[in-house]
Amino acid sequence: MARTIFDTPLLEPMLRNASRGVLRVLGWKVHGELPERAVRCVVIAAPHTSNWDFPFTLLAAFALRMRIRWMGKASLFRPPFGGLMRWLGGIPVHRERSNNLIAASVEALKLAPGPLQLVVAPEGTRSRARQWKAGFHHIARGAGLPIQLSYLDWGTRSCGLGPLVDPTDDVDGDIARIRAFYAPFRGRNADQFDSG
């Protein structure tokens with residue numbers, strides 16, 4: 001995989017140090033620490049209700065010493081900003097194609113060297129979604145990786161990491177337990193987040 005902002009020499013350490021300061025100035029608190037076992041994992045990013053979630057996710061990732069990659073709709077990667085989006089950790093997803101995104105993600109995770117946290121928004125949209133897509137679970141299980149719960153809570157202006165979850169055969173049960181963790185959190189557009 002190509003180099004991203006999270007592993008760019010000289011810049012990366014400065015951004016890690018600056019991110020906590022920026023979040024503090026903006027009134028945000030950072031909670032948690034990436035467990036050693038989550039150096040390679042699938043990360044749930046929720047609630048996802050606003051475009052503002054993206055810059056705050058990047059700040060939180062730096063503050064938490066993460067090396068995230070994230071999937072976004074292919075239109076975000078068109079010129080003139082495509083290179084920037086890839087450098088920020090983006091991986092374009094062509095939603096209109098009938099390729100197997102889960103299998104491709106599993107294979108990419110298995111082949112990618114070093115630390116890597118693949119961020120997935122389980123709602124699959126910034127709009128209100130009653131059902132969460134199970135792709136994050138299938139990707140984690142297929143790649144043999146744990147699921148790291150992370151959050152941006154606009155209600156308390158806090159961001160951080162929750163528990164680490166090992167996916168089981170019981171997809172619906174796992175998702176129900178994961179959604180219960182997110183019940184107290186508010187998205188920026190609170191009426192668009194449904195934790196279940």
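We number each residue from 1, following the sequence as shown.
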Looking at every non-hydrogen atom in both residues, tell me the closest pair between [X] and [Y] and how far apart they are.
X    : Y    : answer
A134 : I175 : CB-CD1, 3.7 Å
L161 : E33  : CD1-C, 3.6 Å
T156 : K29  : O-NZ, 4.1 Å
G142 : K110 : O-CE, 3.3 Å
V120 : P122 : O-CD, 3.3 Å
H48  : A121 : CD2-CB, 3.8 Å

task = Starting from the C-alpha separation in whole Å, work towards a yes-or-no answer on side-chain hydrogen bond (donor to acceptor under 3.5 Å, both in side chains) for D53 and W154.
result = CA-CA 9 Å; D53 295 339; W154 288 85; 3.1 Å; yes

Within 6.0 angstrom of W52 CH2, more than 12 heavy atoms from elsewhere = no

query = Counting heavy atoms not belonging to L111, are there more than 12 under 6.0 Å from its CG?
reply = yes

State plainly whether one hydrophobic cluster holds both [X] and [Y], where clusters connect Ile, Leu, Val, Met, Phe, Trp and Tyr through side-chain heavy atoms under 4.5 angstrom apart.
X    : Y    : result
V119 : L145 : no
Y182 : W28  : no
L84  : L11  : yes
I147 : L64  : no
V43  : I91  : no

Under a 4.5 Å cut-off applied to non-hydrogen side-chain atoms, are [X] and [Y] in contact?
X    : Y    : result
I178 : F136 : yes
F185 : S158 : no
I5   : L88  : yes
T57  : I68  : yes
P167 : H138 : no
L101 : I139 : no
L118 : M71  : yes
F56  : C159 : no

For [Y], is there any backbone N or O sitting under 3.5 Å from a side-chain donor or acceptor partner on [X]?
X    : Y    : result
T4   : G89  : no
R157 : L26  : yes
Q117 : V39  : yes
R40  : A112 : yes

Side-chain donor/acceptor pairs under 3.5 Å, residues 15-22, sequence neighbours excluded:
from	atom 1	to	atom 2	distance (Å)
R16	NE	E12	OE2	2.1
R16	NH1	F62	O	3.4
R16	NH1	M66	O	3.2
R16	NH2	E12	OE2	3.2
R16	NH2	M66	O	3.0
N17	ND2	P13	O	3.3
S19	OG	L15	O	2.8
R20	NE	A63	O	3.3
R20	NH2	A63	O	3.3

inquiry  = The test is side chain to side chain contact (heavy atoms under 4.5 Å, CB included); show your working for F6 and L116 and say whether it passes.
reply    = CA-CA 10 Å; F6 297 98; L116 175 76; over 6 Å; no

Spacing of [X] atom [atom1] and [Y] atom [atom2] [to the nearest 0.5 Å]:
X    : Y    : atom1 : atom2 : answer
L109 : C41  : CG    : SG    : 9.5 Å
W132 : H137 : CH2   : NE2   : 12.5 Å
R179 : I44  : CZ    : CD1   : 10.5 Å
L59  : R24  : CG    : CZ    : 12.5 Å
L164 : L149 : CG    : CG    : 8.0 Å
Q148 : R37  : CD    : CZ    : 9.5 Å

message = Less than 6.0 angstrom separating the ring centers of W70 and F77, yes or no?
response = yes

